[in-house]
Trainee: 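Before anything else, here's the structure in question.
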Amino acid sequence: MKPAPFEYVAPSTISGVLEILGQNDPDEVKLMAGGQSLMPLLNMRLSRPALVIDLGKVADLDFIRETDEGVVIGAMTSKRAVEDSELILREHPLLWESTVAIGHPPIRNRGTVGGSMAQADPASEYPAVALVLGAELVAVSARGERTIPADDFFVTFLTTCLEPDEVLTEIRIPRLAPRSGWAFQEVARRHGDFAIVGATATLRLEAGVVVDPRIAVFGVADRALRFSAAESLLTGQAASDEMIDEVASQAAAAVEDPLEDAHASADYRRHLAGVLVGRVLREAAVRAAEASTGA
Amino acid sequence: MASESPQQGGIRLKVRVNGEHHESVVDPRMNLADYLREELRLTATHVGCEHGVCGICNVLVDGQAVRSCLMLAVQVDGKEVRTVEGLAEGGKLHPIQEAFIEEHGLQCGFCTGGFMMALCELFDRNPSPSEAEIKEVVGGQICRCTGYNAILRSAQNAAAKMSASRS
Ligand SMILES: Cc1cc2nc3c(=O)[nH]c(=O)nc-3n(C[C@H](O)[C@H](O)[C@H](O)COP(=O)(O)OP(=O)(O)OC[C@H]3O[C@@H](n4cnc5c(N)ncnc54)[C@H](O)[C@@H]3O)c2cc1C
């Protein structure tokens, strides 16, 4: 349980990081953020980079900012900083609630927002939340900067669309539309463990019908999934129990290849996906109704 | 000191541990737990799973609880580290330590330091935590012999002692 030898460098600027990436074979290099996923992989020698570039000294990547469009979070911002942020609690209570479901306090002290996005663990909370909130992820490389919608970012198990020479710099989260309802739920063996399955949703109610619902699950398939067909089915309908049940079972049926492992069978994961989608839609609808009546 | 160009071999590290200044040269791959135990001979930091799950190796870095198996020694350059050895002051046990003794919060004691350091951060942040907040912290740790009730009682006792000594 000791890492294989590697060289180490901790630049203090993004340009310093890009310069070193440019001087090395990117496949031999690992960027380290909080290390809460990478260090276990190094300790178990599942990852054996020749060079570790530690992003921990790049102060420009550690921030939470409010903009006209919403909130921008630097990739190196710790989950603890998100949890402690009044701005996040006020503007994005869904992000806040998902944050405190991640691991335990010492894990959140070190683990970063960008690290969870880049790690793309299928059971991780943040990718699903990024899908539902319509986040955009910004990456830089020597070739320039690009902005990637969350819908395109997560590819499969532990794989994003980032190129090996790209560094994730920030996550942009647009403001929730006024009077939106939201919800987040997960089932785990123990609070703080990776979820077996989780679900999250946002929606609005206008003249008694659902507008712009967004539904995503995690822990069910090779990546966080958004259910566009189920979203279309719900759009323009009343948020009745019957309708929500129908949408939830359609979402569950839409999962192509549910994960199966020591924690849960594929059938159980599909079942849970349906149950949790139903629960988050009901909860989001209640919140949206309260927001509309100003309660 | 971490530098702007890649280094293998030894990297120079300056750190304060329990108030004492140390300067060492470490291999980049050495984790903080091994540095504390093997270089500084501070063996109260125990090592359990070595992948962040058990929480036994918790220490405080600049006041924040971290898994010392998931941090490199070079990453504490310029920082302040507190370990179990740094809890007692002037030969007097810390209230958290007294509480674990009074409530029988341990059997074999292997995991106890990790619980105490995680609780130490909690009490520093929040001198009168709710039961839910205590459970959140205790729930992040693994103990394989007591069951958790005695540990929860220890934590509550510690919180009571600490708020009594403050007022
Ligand atoms: C006991 C335990 C419980 C946990 N429970 C949960 C949980 O319930 N839910 C959950 O989601 N996670 C959980 N985690 C994982 C934790 O949240 C990690 O912090 C997170 O997955 C990775 O973030 P990090 O900052 O630690 O990244 P690192 O581990 O440093 O990096 C992870 C990967 O991302 C890459 N990377 C990091 N930053 C960038 C960047 N800016 N640009 C490009 N690539 C980058 C790295 O190269 C590496 O491949 C748990 C971890 C532990 C040890």
Side-chain angles (χ1 to χ4, degrees), chain A residues 1-13 15-17 19-21 23-24 28-29 32 34-46 48-57 78 80-81 83-84 100-111 188 190-194, chain B residues 1-11 26-34 47-55 57-79 114 117-119 121-122 125 132-133 135-142 148:
Chain A
M1 292 293 278
K2 305 293 171 198
F6 52 77
E7 292 185 37
Y8 173 86
V9 61
S12 53
T13 61
S15 56
V17 172
E19 193 183 318
I20 294 162
L21 269 173
Q23 291 158 356
N24 290 274
E28 294 281 303
V29 176
M32 184 179 292
Q36 302 301 290
S37 294
L38 183 57
M39 281 292 292
L41 295 172
L42 293 174
N43 286 350
M44 294 186 255
R45 300 201 179 191
L46 294 170
R48 308 173 66 125
L51 171 66
V52 169
I53 305 180
D54 188 348
L55 301 175
K57 293 239 155 80
S78 71
R80 173 51 70 96
E83 183 178 346
D84 285 348
V100 296
I102 299 175
H104 316 290
I107 307 299
R108 299 199 291 274
N109 281 340
R110 293 286 303 159
R190 178 177 73 136
H191 174 77
D193 283 355
F194 271 107
Chain B
M1 264 151 283
S3 90
E4 302 278 327
S5 56
Q7 279 175 285
Q8 192 169 30
I11 296 184
V26 296
D27 194 336
R29 66 171 160 157
M30 175 175 269
N31 72 34
L32 177 57
D34 288 347
V47 174
C49 71
E50 290 185 90
H51 60 282
V53 175
C54 74
C57 68
N58 286 344
V59 301
L60 304 187
V61 174
D62 286 349
Q64 287 196 324
V66 303
R67 306 293 204 227
S68 60
C69 70
L70 298 188
M71 231 181 138
L72 298 170
V74 291
Q75 292 178 314
V76 297
D77 180 49
K79 298 191 190 285
M117 297 319 288
L119 287 167
E121 181 198 31
L122 173 68
R125 281 170 64 93
E133 286 163 319
K135 281 188 172 165
E136 156 87 345
V137 167
V138 168
Q141 302 294 122
I142 291 180
Y148 291 80

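Numbered from 1 within each chain, the chains take letters A, B, ... in sequence-line order. Quick note: numbers below take in every heavy atom, side chains included, and nothing from hydrogens, waters or symmetry partners.
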Trainee: Identify which of A/Gln23, A/Arg80, A/Arg190 forms the greatest number of heavy-atom pairs closer than 4.5 Å to chain B.
Mentor: A/Arg80

Trainee: Below 4.5 Å from any heavy atom of chain B, which atoms of A/Asn43 appear? Answer side chain, backbone, both or neither.
Mentor: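 Just its side chain gets close to chain B.
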
Trainee: What's the shortest heavy-atom distance between A/Pro3 and B/Arg29, and which atoms?
Mentor: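 Answer, listing the atom of A/Pro3 first, then B/Arg29: O-NH1, 2.8 Å.
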
Trainee: How long is the span from the CE atom in A/Met39 to the CG atom in B/Leu32, to the nearest 0.5 Å?
Mentor: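 These two atoms lie 9.0 Å from each other.
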
Trainee: Answer with side chain, backbone, both or neither: which region of B/Met30 has an atom nearer than 4.5 Å to a non-hydrogen atom of chain A?
Mentor: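 Answer is neither: B/Met30 stays 4.5 Å or more from chain A.
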
Trainee: Below 4.5 Å, heavy atoms only, C-beta onward: do B/Glu136 and A/His191 meet side chain to side chain?
Mentor: yes

Trainee: Under 3.5 Å, is there a donor-acceptor pair between the side chain of A/Asn109 and the main chain of B/Ala65?
Mentor: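 Confirmed, A/Asn109 side chain pairs with B/Ala65 backbone.
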
Trainee: Any non-hydrogen side-chain atom of B/Val47 less than 4.5 Å from a side-chain atom of A/Met1?
Mentor: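 Result no, sub-4.5 Å side-chain heavy-atom pair not found.
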
Trainee: B/Leu122, B/Leu70, B/Val137: which one forms the most heavy-atom pairs within less than 4.5 Å of chain A?
Mentor: B/Leu70

Trainee: Go through B/Ala118, B/Cys69, B/Gly52, B/Cys49 and name the one with the most non-hydrogen pairs under 4.5 angstrom from chain A.
Mentor: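 Highest number of pairs under 4.5 Å: B/Cys69.
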
Trainee: Would you call A/Asp84 and B/Arg125 a side-chain contact if the rule is heavy atoms closer than 4.5 Å?
Mentor: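 Yes, their side chains come closer than 4.5 Å.
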
Trainee: Does any part of the side chain of A/His104, heavy atoms only, come nearer than 4.5 Å to the side chain of B/Asn58, both counted from C-beta?
Mentor: no

Trainee: Restricting to side chain to side chain donor-acceptor pair (under 3.5 Å), what partner residues turn up for A/Asp54, sequence neighbours left out?
Mentor: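 If we apply the side chain to side chain donor-acceptor pair (under 3.5 Å) test to A/Asp54, skipping adjacent residues, the hits are A/Tyr8, B/Gln75.
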
Trainee: Please flag which part of A/Val17 lies under 4.5 Å from any non-hydrogen atom of chain B: side chain, backbone, both or neither.
Mentor: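 Neither part; nothing is under 4.5 Å.
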
Trainee: Nearest 0.5 angstrom please: A/Lys2 NZ to B/Glu50 CD, how far?
Mentor: 4.0 Å

Trainee: So do the side chains of A/Arg110 and B/Gln64 get within less than 4.5 Å of each other, counting heavy atoms only?
Mentor: no

